[in-house]
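Written out below as C-alpha cells is the structure these notes cover.
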Amino acid sequence: MLDDLPLPAEIDVPPASAPGLSPKLAWLAALLIVLAAIAVRVYPSAGFTGVGFDEALYRENVIKLDQVGVSNYPAICQVFLEDQRKPDVITKLPPTRFLYIFTSWIMKRATFGDAPPVPPRTLGFPDKDPALASLHRVSCLFSILTVIAAGLCAYRMLGHQAMLGVLALVAFTPTQIHMSQHALIDGFFAFWATMCLWLLWENLRRPNDLRWLSALGGSLACMVMTKENSFFVFLALGGLVIANRWAKFGRVTPKLLAVSVAGPLLGVTALITLAGGLTPFIEIYQLLVTKAQTLTYAIKTGDGPWHRYLVDMLIASPIVLLLAIGGLFTQLKKDRAYIYLALFVGLTYAVMCNIKYAMNLRYATIWDLPLCALAVAQIGDLSKVFGRRQALATTLIVAGLCAYGLRQYLILFSDFPLYELVTEGLLRAVKILK
C-alpha cells in the first residue's frame with residue numbers, strides 16, 4: 001500500500017487548495033471559525049464553578065513563584081519534597097510542571113501586578129484571585145492556540161479544505177472547550193504536543209531547514225518542561241522517525257536526529273536546574289510515581305481495560321470517533337499524512353493505556369488533531385454521493401458536527417457540572433448511570 005502512494009516532495013510550498021475554493025475565501029472562513037472558537041472558550045459556560053484539586057495546587061505554585069521569584073525556584077521544589085516525604089501526605093502535582101506555572105505567573109504579573117492572593121472564601125473567588133484567574137486565562141489562551149495550530153498543521157499537510165474542517169471540529173470538541181474553562185494543564189500540554197507532531201512532519205518534508213529545526217527543538221523543550229506525559233509523546237515521535245524507513249514521510253537527517261535529542265535534553269536540563277540539582281529532580285518524580293499508585297481517587301477512577309479511552313471518547317465525541325475509525329480503513333491508502341497521524345495516535349495509545357491508575361480522558365486531547373483530520377477526510381468521501389453538491393454537503397455535515405459537539409459540551413460540562421473526565425462521571429452526565 002505504501003509503495004503506491006506518491007513520495008512527498010521536499011519543497012516548501014503548501015498543498016493546493018480544494019477545487020472551486022479560492023485561497024482568500026478559505027482564509028476568511030478560517031478566521032470566522034477561529035473567532036467562533038474564541039467566543040465559546042472565553043464565554044464562561046462551565047457548570048462546575050468551584051476550585052478543583054489540581055487547580056488549587058497549581059494556584060499554590062503560582063503564588064509561591066510570585067513570592068520568591070524564578071531564581072529561587074529550587075526552594076519551591078525543596079518545600080515540595082519535604083511535604084511529599086511524609087508518609088501520611090497524599091500525592092501532589094510536582095512543581096516541575098514548570099512551564100504552565102511560569103506562563104501563568106507571567107500572566108499574573110502582566111494583568112494583576114503585585115496583587116496579593118484572595119482568601120478562598122471570598123465571594124467570586126475563582127475570578128477574583130489573581131493566581132487562579134491567571135491560570136484560567138492561560139488555559140483558555142492555549143486552548144485557542146491549539147485550534148489554530150491544528151488548522152495550520154492540517155493546511156500544511158492536507159490543504160485548505162482539510163484545514164477548514166479540522167479547524168471547525170477541533171474548535172467545537174467538547175473536551176477542548178472544557179480545558180479552556182478550568183485551570184487544567186492538559187489543554188496547555190496538548191498545544192505543545194500538537195506543535196511537536198506538526199513540526200516533525202515539516203522537518204521530514206523539508207530537511208535541514210534551520211527555521212523548522214529550531215521550532216521543533218524549542219517545542220520539544222517546552223513540552224518536556226510542561227508535563228511528564230511528554231515522555232509518551234516523545235516515544236511516539238521517535239516511533240514515527242523509525243517508521244519513516246518504510247512509510248517514507250520524508251527524509252531523516254543527522255540534524256533532525258540531533259535536534260530531536262537536543263530539544264528534550266534542553267528541557268530536562270532546565271528542569272534539573274530549577275529543581276536544584278539531579279538528585280532532587282529524580283526524587284520528585286520517584287515520589288510522584290510511588291504516591292500516585294496509592295492515591296485512592298486514582299485507584300478508583302484511573303484504571304480499566306485497554307479500550308477505556310475508546311469508551312470515554314465514544315461518550316464525549318461519538319460521531320467524530322466513529323468517522324475517524326472509518327477513516328482508518330479508507331484514508332491511509334490515499335495520503336501518507338493520514339498514516340503519519342494514525343501512527344501517532346496508535347503509538348501514544350499503546351503506551352497510555354498501559355499506565356496503571358493513570359487513564360483519564362483529559363490526556364486524550366493530544367489526539368484531537370489526528371482524529372478530526374481522519375473524520376473530515378471520511379466526511380469528504382461520504383459526501384461524494386451528492387455529486388456536484390459534494391462541497392456543500394461536506395460543509396453542512398461539518399457544521400452539523402460542530403453544533404453537535406457544542407451540544408455535547410453543554411450536556412457534559414454545563415447542564416451536568418462535570419469536572420473530572422472519568423468514566424463514571426461521563427456515564428452519569430449522559431444519564432446512562434443515574
Side-chain angles (χ1 to χ4, degrees), residues 1-11 13-21 150-170 194 197-207 236-252 307 309-310 313-314 317-350 366-388 390-391 393-395 397-398 401:
M1 181 182 76
L2 293 176
D3 292 337
D4 296 333
L5 295 176
L7 290 174
E10 293 179 1
I11 51 176
V13 295
S17 60
L21 183 66
L152 289 175
C153 178
Y155 166 65
R156 297 287 297 184
M157 295 178 77
L158 299 162
H160 282 102
Q161 192 173 34
M163 172 188 71
L164 294 177
V166 170
L167 263 179
L169 291 188
V170 176
T194 300
L197 179 63
W198 169 26
L199 292 168
L200 176 60
W201 172 266
E202 294 287 1
N203 280 281
L204 288 169
R205 294 290 298 269
R206 295 156 188 89
L237 296 178
L240 289 171
V241 170
I242 295 172
N244 184 72
R245 178 180 177 87
W246 300 276
K248 297 183 176 62
F249 303 126
R251 185 154 62 92
V252 176
H307 52 277
Y309 283 112
L310 293 176
M313 287 189 290
L314 194 60
S317 301
I319 301 177
V320 170
L321 176 62
L322 293 174
L323 285 168
I325 292 173
L328 290 175
F329 296 96
T330 60
Q331 305 305 318
L332 301 190
K333 52 190 171 185
K334 295 182 179 180
D335 197 307
R336 294 172 194 272
Y338 294 116
I339 300 174
Y340 179 85
L341 294 172
L343 270 176
F344 174 77
V345 175
L347 291 168
T348 48
Y349 195 112
I366 64 173
W367 300 326
D368 287 333
L369 163 62
L371 294 179
C372 288
L374 285 164
V376 168
Q378 186 68 359
I379 291 169
D381 271 9
L382 294 174
S383 299
K384 288 179 180 179
V385 298
F386 295 96
R388 291 180 299 174
Q390 179 188 0
T394 300
T395 301
I397 293 171
V398 171
L401 282 178

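Heads up: numbering here begins at 1 and tracks the sequence.
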Any heavy-atom pair between the side chains of [Y] and [X] that's under 4.5 Å?
X	Y	answer
Asn203	Val252	no
Lys333	Ile339	no
Arg205	Phe249	no
Asp368	Val166	no
Leu369	Trp198	no
Val398	Ile379	yes
His160	Leu164	no
Leu197	Leu240	yes

Report the distance from atom [atom1] of [X] to atom [atom2] of [Y], rounding to the nearest 0.5 Å.
X	Y	atom1	atom2	result
Leu371	Ile325	CG	CD1	8.5 Å
Gln331	Leu341	CD	CG	11.5 Å
Leu323	Leu328	CG	CG	11.5 Å
Leu158	Cys153	CG	SG	8.0 Å
Leu204	Lys248	CG	NZ	13.5 Å
Leu314	Leu322	CG	CG	5.5 Å

* Take Leu200 and Val241 through the test side-chain contact (heavy atoms from CB on, under 4.5 Å) and record every step on the way to the result. => CA-CA 9 Å; Leu200 176 60; Val241 170; 4.0 Å; yes
Minimum-distance pair of heavy atoms, taken over all atoms of [X] and [Y]:
X	Y	value
Gly165	Val376	C-CG2, 3.4 Å
Ala373	Tyr338	O-CE2, 3.7 Å
Cys372	Val170	SG-CG2, 3.8 Å
Tyr349	His307	OH-CA, 3.4 Å
Leu167	Gly151	CG-CA, 3.7 Å
Leu343	Ala243	CD1-CB, 3.8 Å

* To do: Determine, using ring centers only, whether Tyr309 and Trp367 are less than 6.0 Å apart.
  =>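 Under 6.0 Å, so yes.
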Within the side chain of [X], is there an N or O that forms a donor-acceptor pair under 3.5 Å with the backbone of [Y]?
X	Y	answer
Tyr155	Ala162	no
Arg156	Glu202	no
Gln378	Thr330	no
Ser317	Met313	no

